[in-house]
Amino acid sequence: MTIQATVDRNEPNPHIINKAARIIQAGGLVAFPTETVYGLGADALNAEAVKKIYVAKGRPSDKPLILHVSSIQQASGLVEMNDTARKLAQTFWPGPLTLVLPAKPCIPSITRGGLNTAGVRMPANVPALELIRASRTPLAAPSANISGRPSPKDAESVYRDMAGRIDMILDGGSTVIGIESTILDITNPERIIMLRLGAIGREEIESSIGMMIEISASMRGKSL
């Protein structure tokens, strides 16, 4: 049975957040709001918990999961943050920007999709940040939907896909942005590559760091 609980987007009830955090700490799955779309969260450092995400979504296990953090310091414990990554994080976090960087050994292979890199971001959503802090671990969190279906912008959409598949849904209302985060590969700070266009545009990123960024082959021809 999937528990549903409503949380205020500005002042979430600590009792509800702590209940969700205990589920995360026990290896369970909790869907939660972010500013982009609803995420399906598990302890990113618990391989067995992460495996449940892939099963619940029907997601191929070679597709890496984004790690959601509550601070730049927490991100630094997970990936090798270079100066460019730090500047981008200081500029756009909390917010819809995911940074792909060399992963540290603490991140299980299943969370990384078998890669030697990992994507991290700090969501601009109070309930999400409070859940990460209360869980005392980064959350691996793809969108909270069956793979191939639209990413959910509200808890009702999550429930339609995930009822009976996950432990809890935190209902924080409709998401503010409604599209996924922009993803940048910054493993080489001299050659930054945009892997996915999301809520933050190319020109805004280039202006912030004073250099041009490349577009991945899979994105060429798309509107930027």
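Treat the numbers as computed from the prediction; the structure is a model and nothing was measured.
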Side-chain donor or acceptor of [X] paired with backbone N/O of [Y] under 3.5 Å:
{"X": "K87", "Y": "S208", "value": "yes"}
{"X": "T111", "Y": "A44", "value": "yes"}
{"X": "D167", "Y": "T2", "value": "no"}
{"X": "T182", "Y": "G198", "value": "yes"}
{"X": "R9", "Y": "P127", "value": "no"}
{"X": "Q74", "Y": "S70", "value": "yes"}
{"X": "S207", "Y": "E203", "value": "no"}

Considering non-hydrogen atoms only, spot the tightest contact between [X] and [Y] and give its length.
{"X": "I107", "Y": "A103", "answer": "CD1-CB, 4.0 Å"}
{"X": "A134", "Y": "Q25", "answer": "O-NE2, 3.3 Å"}
{"X": "L115", "Y": "P64", "answer": "CD1-CG, 4.0 Å"}
{"X": "A49", "Y": "A42", "answer": "O-CB, 3.8 Å"}
{"X": "P12", "Y": "V7", "answer": "CB-CB, 4.1 Å"}
{"X": "P152", "Y": "S143", "answer": "CD-CB, 4.2 Å"}

Distance check, rounded to the nearest 0.5 Å: [X] atom [atom1] versus [Y] atom [atom2]?
{"X": "L170", "Y": "F32", "atom1": "CG", "atom2": "CZ", "result": "9.0 Å"}
{"X": "N116", "Y": "L101", "atom1": "CG", "atom2": "CG", "result": "11.5 Å"}
{"X": "I24", "Y": "L139", "atom1": "CD1", "atom2": "CG", "result": "5.0 Å"}
{"X": "I192", "Y": "L88", "atom1": "CD1", "atom2": "CG", "result": "6.0 Å"}
{"X": "R112", "Y": "K104", "atom1": "CZ", "atom2": "NZ", "result": "13.5 Å"}
{"X": "I177", "Y": "T36", "atom1": "CD1", "atom2": "OG1", "result": "6.5 Å"}

Can you tell me if E206 has over 12 outside heavy atoms packed within less than 6.0 Å of its CD?
yes

Using a side-chain heavy atom cutoff under 4.5 Å and only I, L, V, M, F, W and Y, what cluster partners does V158 have?
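Its cluster mates, by chain and number, are L29, Y38, L40, V50, I53, Y54, L65, I110, I146, Y159, M162, I166, I169.
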
Within a strict 4.5 Å, meaning less than it, do heavy atoms of the [X] and [Y] side chains meet?
{"X": "D8", "Y": "N13", "result": "no"}
{"X": "H68", "Y": "P123", "result": "yes"}
{"X": "R202", "Y": "M194", "result": "yes"}
{"X": "R149", "Y": "D161", "result": "yes"}
{"X": "V100", "Y": "L184", "result": "no"}
{"X": "V37", "Y": "I179", "result": "no"}
{"X": "I205", "Y": "I213", "result": "yes"}
{"X": "K153", "Y": "T175", "result": "yes"}

Same cluster or not: [X] versus [Y], using hydrophobic residues (I, L, V, M, F, W, Y) connected whenever any side-chain heavy atoms lie under 4.5 Å apart?
{"X": "I193", "Y": "M211", "result": "no"}
{"X": "L97", "Y": "I66", "result": "no"}
{"X": "M168", "Y": "V55", "result": "no"}
{"X": "I23", "Y": "L45", "result": "no"}
{"X": "I72", "Y": "V69", "result": "yes"}

Please test S71 against R133 for side-chain contact (heavy atoms from CB on, under 4.5 Å), starting from the C-alpha separation and ending with a verdict.
CA-CA 9 Å; S71 67; R133 293 183 187 117; over 6 Å; no

Looking only at side-chain N and O atoms, does S181 offer a donor or acceptor that is under 3.5 Å from a partner on T98?
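Side chains of T98 and S181: pair found under 3.5 Å.
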
Can D43 and T137 be counted as having a side-chain donor-acceptor contact under 3.5 angstrom?
yes

Could you go step by step and tell me if D171 and Q4 meet the side-chain contact (heavy atoms from CB on, under 4.5 Å) rule?
CA-CA 7 Å; D171 183 351; Q4 298 182 78; over 6 Å; no

Begin from the C-alpha positions of F92 and M122 and carry the test side-chain contact (heavy atoms from CB on, under 4.5 Å) through to its verdict.
CA-CA 9 Å; F92 294 105; M122 181 180 175; over 6 Å; no

With a 4.0 Å cut-off on N to O distance, would you call [X] and [Y] a salt bridge?
{"X": "E35", "Y": "R121", "answer": "yes"}
{"X": "K52", "Y": "E48", "answer": "no"}
{"X": "E180", "Y": "R196", "answer": "no"}

